[in-house]
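Step one of this worksheet: look at the structure below.
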Amino acid sequence: MLLDTIVAEPWADFGLIDCGHGRKYERYGPVRVVRPEPQAMWAPATTDWDPDATFVPGSDEEGGGRWIQHRPVPASWPLVRGNVRFNASLTPFRHLGFFPDMAPQWDWMQARANDAEILNLFGYTGVGTLLLSEAGGRLVHVDASKKSVEGGRANAALSGLAERPIRWIVDDAAKFTAREVRRGRRYDGILLDPPKFGRGPEGEMWRLEEHLAFLLADCRRLLDAESRFLVLTVYAVRMSALAIGELLGQLVADLGGKVEVGEMAVREESRALLLPTAIFARWSRD
């Protein structure tokens, strides 16, 4: 199995300015931030970073910490990707309310989204959902966080997509998928971006290493001979792309098509360096 690298390039409202010594310096529209990045083990290109805010991690392995604002930062501010507008914010989880390294995955799925029934599990604030909807897809967006789903609806209104065929659902991803299997539902495409650890709206426990294989098996039952794609991204650094590639490959072997696996990365603006961010496995009919 060959490994591939999918690279997110800078765009008007996002860029990786510099990285090194365990941190990264990014721009999100007019706001510049510094966040921890353990994989940036090299030296940065410069030392004159001037962020508006810096995230200082705590001792909590599950993502504790706080933002320090060096200059006032709005509670939220709009960004644009293609024809979709969405809000960024300094979240308590160290990110900005979306994952910019997903951009090439969004583009890849958009090319397969027209007139497609698409399920987005762990959909968060809906940037991927809106981009696929704008490309002609009919979306089912599922996230366990009511606040995230409300953020997705707000982003849809901001983008002028509030009337698009999107079902916004607050639910546990694994439970919802199992019910869809029992209902005999099928989808043309599935996107899932599961966390390493999480809880459903009723306290359901999610642990990636324990539950991913079962969830993927149910996702496979929602695909058929006419389905187009499945995209899985994993941000848990202890898991191998080869492992999730083999898992997905076995599940979809009877569907034909091809499975791609590898790393996702963001290209640094100052010196074209690639910063790895996640691993992925994806299946497509073509």
Side-chain angles (χ1 to χ4, degrees), residues 1-9 81-82 99-123 127-129 131-142 173-174 177 180-181 184-195 208-209 211-267 274-286:
M1 184 180 294
L2 297 178
L3 297 179
D4 195 7
T5 303
I6 294 178
V7 180
E9 304 289 352
R81 173 75 182 179
F99 299 98
D101 58 330
M102 283 293 296
Q105 299 280 25
W106 296 330
D107 296 345
W108 184 87
M109 288 184 288
Q110 278 187 302
R112 296 159 173 81
N114 186 44
D115 197 31
E117 299 281 348
I118 302 172
L119 175 61
N120 186 2
L121 298 170
F122 310 96
V127 179
T129 289
L131 285 163
L132 296 180
S133 177
E134 194 268 337
R138 296 178 295 278
L139 273 293
V140 176
H141 175 106
V142 181
T177 305
E180 291 290 84
V181 171
R185 285 292 304 274
R186 52 85 57 195
Y187 288 91
D188 295 298
I190 300 176
L191 164 62
L192 60 160
D193 182 20
L208 186 71
E209 293 87 349
H211 301 129
L212 178 60
F214 298 102
L215 176 58
L216 270 182
D218 275 345
C219 286
R220 164 62 188 87
R221 296 181 182 103
L222 299 177
L223 302 173
D224 62 20
E226 302 302 318
S227 298
R228 305 177 191 179
F229 67 84
L230 182 148
V231 173
L232 166 67
T233 59
V234 175
Y235 287 82
V237 296
R238 295 178 183 175
M239 189 170 286
S240 164
L242 293 173
I244 65 169
E246 183 62 31
L247 173 62
L248 180 60
Q250 288 187 12
L251 288 170
V252 299
D254 62 316
L255 291 177
K258 66 178 180 180
V259 173
E260 302 168 88
V261 301
E263 291 197 2
M264 294 162 55
V266 175
R267 192 182 307 278
L274 294 183
L275 174 65
T277 59
I279 60 175
F280 78 94
R282 69 188 186 189
W283 165 81
S284 63
R285 176 71 54 196
D286 53 317

When you compare the side chain of C219 with that of L251, does any pair of heavy atoms fall below 4.5 Å? no
Is there a donor-acceptor pair closer than 3.5 Å between any side-chain N or O of W283 and the backbone N or O of L255? no
Side chain proximity check, N120 to V142, heavy atoms < 4.5 angstrom: no
Beyond-backbone contact of L216 with I244, side-chain heavy atoms, under 4.5 angstrom: no
Can you confirm whether V266 sits close enough to L274 that some side-chain heavy atom of one is under 4.5 Å from a side-chain heavy atom of the other? no
Gap separating the CG atom of L119 from the CD atom of E180, nearest 0.5 angstrom: 7.0 Å
Compare all side-chain heavy atoms of V7 with those of E263 and state whether any distance is below 4.5 angstrom. no
If you measure from CD1 on I279 to CG on L242, what distance do you get to the nearest 0.5 Å? 9.0 Å
Closest heavy-atom pair and its distance - G262, A241: O-CB, 3.6 Å
Using the side chain to side chain donor-acceptor pair (under 3.5 Å) criterion, which residues pair with Q110? Sequence neighbours excluded. none
Is a donor on one side and an acceptor on the other found under 3.5 Å between the side chain of T177 and the backbone of A173? yes
Under 4.5 Å between any side-chain heavy atoms of R228 and M109, yes or no? no
So does Y187 get a backbone contact from the side chain of S227, meaning a donor-acceptor N/O pair under 3.5 Å? yes
Spacing of I118 atom CD1 and L139 atom CG [to the nearest 0.5 Å]: 5.5 Å
With under 30° as parallel and over 60° as perpendicular, where do the rings of Y235 and F99 fit, or are they tilted in between? tilted
Are D286 and R112 ion-paired here, with the side-chain N under 4.0 Å from a carboxylate O? yes
With salt bridge (charged side-chain N to carboxylate O under 4.0 Å, His left out) as the criterion, how do D101 and R267 come out once you've worked through the C-alpha distance, each side chain's angles and the decisive distance to 0.1 Å? CA-CA 9 Å; D101 58 330; R267 192 182 307 278; over 6 Å; no
Are any of the side-chain nitrogens in R220 or D254 under 4.0 Å away from the carboxylate oxygens of its partner? yes
Applying side chain to side chain contact (heavy atoms under 4.5 Å, CB included) to V252 and L230, what does each step give before you reach the verdict? CA-CA 10 Å; V252 299; L230 182 148; 5.7 Å; no
If we ignore hydrogens and angles and just use 3.5 Å, is the side chain of T233 paired with the main-chain N or O of D193 as donor and acceptor? no
What distance do L212 atom CG and L192 atom CG have between them, rounded to the nearest 0.5 Å? 7.0 Å
Just wondering, do I190 and V231 contact through their side chains at under 4.5 Å, heavy atoms? no
Please round to the nearest 0.5 Å and tell me the distance separating atom CG of L275 and atom CE of M264. 11.5 Å
Identify the two heavy atoms, one from W106 and one from G128, that lie closest to each other, and give their separation to 0.1 Å. NE1-CA, 3.5 Å
Side-chain heavy-atom pair V261, D4 within 4.5 angstrom cut-off: no
Are R285 and D188 ion-paired here, with the side-chain N under 4.0 Å from a carboxylate O? no
Report the C-alpha distance between E246 and V259 in whole Å, list the side-chain angles of each, state the deciding distance to 0.1 Å, and finish with yes or no for side chain to side chain contact (heavy atoms under 4.5 Å, CB included). CA-CA 9 Å; E246 183 62 31; V259 173; over 6 Å; no
Rounded to the nearest 0.5 Å, what separation is found between the CG atom of D107 and the CZ atom of R81? 4.5 Å
